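Comments concern the structure below.
One-based numbering, in listed order, for ligands and for the atoms of each. What you see below is based on every heavy atom in this structure, not just the backbone, and it leaves out hydrogens, waters and symmetry mates. Please read all numbers here as calculations on a predicted model, not as lab measurements.
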Amino acid sequence: IRPKIRHRFHRYPHTSRYLPQCIIIGVRKGGTGALIHFLDIHPNIAIASTEVHFFDNNYKRGLNWYRKRMPYSFPNQITIEKTPAYFVKKHVPESVKKMNQSIKLLLIVREPVERTISDYTQIWGKLVRNSSYPTFEELAIDPATKMVNPSFAATERSLYDKHMANWLKYFNLSQIHIVDGDNFRRNPFQEIVEIEKFLHLEHKISEKDYYFDPDKKFYCIKGFINRCLPDSKGRQHVKVQDYVKTKLRKFFRPHNEMFFKMISRRFENW
Ligand code: A3P
């Protein structure tokens, strides 16, 4: 296996920076971090080290700016970038298509109620911990009507049907590989093998490349230094009352059904 080029400014001979041929477009809190790092084990994959936010925040800087954010890679490697915000931004699919209409897209989804709570937990943990920021319940449920508030950002980001419909205006479903985030968490190798097929890569990543960390309760990467993802992944979720979860589950049901139709696939237990 060829050594990976990890340093942004280190360059092996015969390498260049290429625009990504594959993008992980979302979803936020779906497992995008673990996904890109697990794919990085593959010798024919080169990953961008950070979320580039080109199509949502930096589009005016131009494609050459974007290319320069990519790692140096060999011509036989696929460059992958991940920015989960792309999935929910209306104008992004059109711009991605303008760059490369045959690009391959990866979308990792997760049961929407848990994803919504994870999303809120991230906002709360990062920005507003210990402040008087509203509770999950206050944001998720409209106090006047006692119904789910569909414009709460964390809930809106879980409307997979709405966002997927926007991507399907510009791309064929065959270009978007859906990863089951709940299965990925339990059996990453099962999902990775499907991605290898989707990207037409030789099967190289296997169970042997991971170990299950009993403290983290996640699969982590084996190597010179055994490596788990940082504590920002797998945070303890804020406690949410059962009646709120039930309301959300009911609210998401028709959206999930629509999403299943769009992708010709079902996720049980959603
Ligand atoms: P929680 O923090 O809700 O547990 P993202 O990287 O898109 O922000 O997603 C974070 C989620 O990835 C975590 O959500 C965690 O459950 C999930 N995940 C799946 N496999 C993981 C792994 N091997 N290590 C850490 N997190 C993983």
Next on the checklist: For a salt bridge (charged side-chain N to carboxylate O under 4.0 Å, His left out) check, start with the C-alpha distance between E194 and K197, then their side-chain angles and the critical distance, and finish with the verdict.
Outcome noted: CA-CA 5 Å; E194 295 305 317; K197 284 184 207 159; 3.2 Å; yes
Next on the checklist: Before you tell me yes or no, could you show the steps for F38 and F184 under ring-ring contact (aromatic ring centres under 6.0 Å, His included), namely the whole-Å CA-CA distance, both residues' side-chain angles and the distance that decides it to 0.1 Å?
Outcome noted: CA-CA 11 Å; F38 285 10; F184 175 76; 5.6 Å; yes
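In terms of polar-atom proximity, defined here as any N/O pair under 3.5 Å, G33 does make such a contact with ligand 1. Distances between N or O atoms of A34 and those of ligand 1 include no value under 3.5 Å. Below 3.5 Å of separation, one finds an N or O of G234 facing an N or O of ligand 1.
Residue pairs meeting the disulfide bond (SG atoms under 2.5 Å apart) criterion with at least one partner in residues 228-270, sequence neighbours excluded, are C220-C228.
At distances below 3.5 Å, not a single donor-acceptor pair connects side-chain atoms of N149 with backbone N or O atoms of D142.
When only modelled atom types and interatomic distance are considered, N58 and H53 share no side-chain donor-acceptor pair under 3.5 Å. Using modelled atom types and a 3.5 Å distance limit, the side chains of N256 and R253 yield no donor-acceptor pair. Residues D119 and T121 bring no donor and acceptor atom of their side chains to less than 3.5 Å of each other.
For ligand 1, the atoms sitting less than 4.0 Å from at least one non-hydrogen atom of K233 are 2 (O), 5 (P), 6 (O), 8 (O), 10 (C), 25 (C), 26 (N), numbered in the order shown with element in parentheses. For ligand 1, the atoms sitting less than 4.0 Å from at least one non-hydrogen atom of R235 are 2 (O), numbered in the order shown with element in parentheses. Annotation for ligand 1: atoms under 4.0 Å from non-hydrogen atoms of T32 are 5 (P), 6 (O), 7 (O), 9 (O).
Of all the heavy atoms of R110, the ones lying under 4.0 Å from any atom of ligand 1 belong exclusively to the side chain. At a heavy-atom cutoff of 4.0 Å, ligand 1 is contacted by no atom of Q122, backbone or side chain.
The residue among R28, K216, K29, E114 with a heavy atom at the shortest distance from atom 8 (O) of ligand 1 is K29.
Scanning all protein heavy atoms for the shortest distance to atom 22 (C) of ligand 1 gives F218 CD2, 3.5 Å. Counting protein heavy atoms only, atom 16 (O) of ligand 1 is closest to R185 NH1, 3.1 Å. Of the protein's non-hydrogen atoms, G31 CA, 3.2 Å is the one closest to atom 12 (O) of ligand 1. Among all non-hydrogen protein atoms, the one lying nearest atom 23 (N) of ligand 1 is Y219 O, 2.8 Å.
Residue I36 holds its CD1 atom at 11.5 Å from CD1 of I108, rounded to the nearest 0.5 Å.
Relative to the ring axis of F55, K89 does not place its NZ or CZ within 45° and under 6.0 Å from the centre.
Remark: distances from the non-hydrogen atoms of Y210 to ligand 1 are all 4.0 Å or more. The shell of residues lying under 4.0 angstrom from ligand 1, judged by heavy atoms, excludes P84. Look at H237 and you'll find a heavy atom under 4.0 Å from some atom of ligand 1.
Under the salt bridge (Lys or Arg N to Asp or Glu O under 4.0 Å) criterion, R110 pairs with no residue at all, not counting sequence neighbours.
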